[in-house]
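Single-structure report; data block below.
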Amino acid sequence: MLLTKITFFERFEHDILSGSKTITLRDEAESHVIAGQILPVSTFETDRWFCDIQIIDVTPVKLTELTKVHAKQENMTLPQLRDVIAEIYPGLEQLFMIRFRILPQ
Ligand SMILES: CC(=O)Nc1cc[nH]c(=O)n1
């Protein structure tokens, strides 16, 4: 079943709106989006809409395969990215990298 919306933690909002966060790493349940799809984005905490994104592509990536390139696309260092993923998805190895672009508001 395709996702019809996506949420991000409020702490990522500024980076998304500024264009410095261009990927999101999700578990399998949240990986069901397709290239070209346009999704409304809201905050996880209060479900407040803050932008629309267009999906570029979705690629499986293992936790152990994460590199500085992924971290840069998340506007983080690699240790910060590993910590964030461990906090959000404890013990999860198989992730899905969703590349997106923010649509003009
Ligand atoms: C709400 C939520 O899960 N947000 C996430 C999860 C992983 N990456 C990300 O950028 N945002």
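Both counts, for ligands and for their atoms, begin at 1 and track the order of listing. Values in this document were obtained by computation on a predicted structure and should not be read as measured data. Reckoned from all heavy atoms, side chains included, excluding hydrogens, waters and symmetry mates.
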List the atom of [X], the atom of [Y], and the distance in Å for their closest heavy-atom pair.
X: Glu74; Y: Thr24; answer: OE2-CA, 3.8 Å
X: Leu25; Y: Tyr89; answer: O-CE1, 3.4 Å
X: Ile53; Y: Cys51; answer: CG2-SG, 4.2 Å

Can you sort out which atoms of ligand 1 are near [X], meaning under 4.0 Å from one of its heavy atoms?
X: Phe12; value: 9 (C), 10 (O), 11 (N)
X: Ile88; value: 6 (C), 7 (C)
X: Phe44; value: 1 (C)
X: Thr7; value: 1 (C), 2 (C), 4 (N)

Test item: [X] side-chain N/O and [Y] main-chain N/O as donor-acceptor pair under 3.5 Å:
X: Lys21; Y: Ile23; value: yes
X: Glu28; Y: Gln94; value: no
X: Gln54; Y: Gly36; value: yes

**Fill in**
Of Thr24, Ile6, Asp27, Leu95, the residue with the heavy atom nearest atom 8 (N) of ligand 1 is Thr24

**Message:** Going by the closest heavy atom to atom 6 (C) of ligand 1, which one wins out of Glu45, Arg26, Glu74, Glu30?
**Reply:** Arg26

**Complete:** d(Thr67 OG1, Glu65 CD) to nearest 0.5 Å is 10.0 Å

**Message:** I want to know if ligand 1 touches Lys21 in the polar sense, i.e. an N/O pair below 3.5 angstrom.
**Reply:** yes

**Asked** atom 2 (C) of ligand 1: which protein heavy atom is closest, and how many Å away?
**Response** Phe9 CE1, 3.4 Å

**Asked** Considering only heavy atoms, does Leu25 approach ligand 1 within less than 4.0 Å through its side chain, its backbone, both, or neither?
**Response** backbone

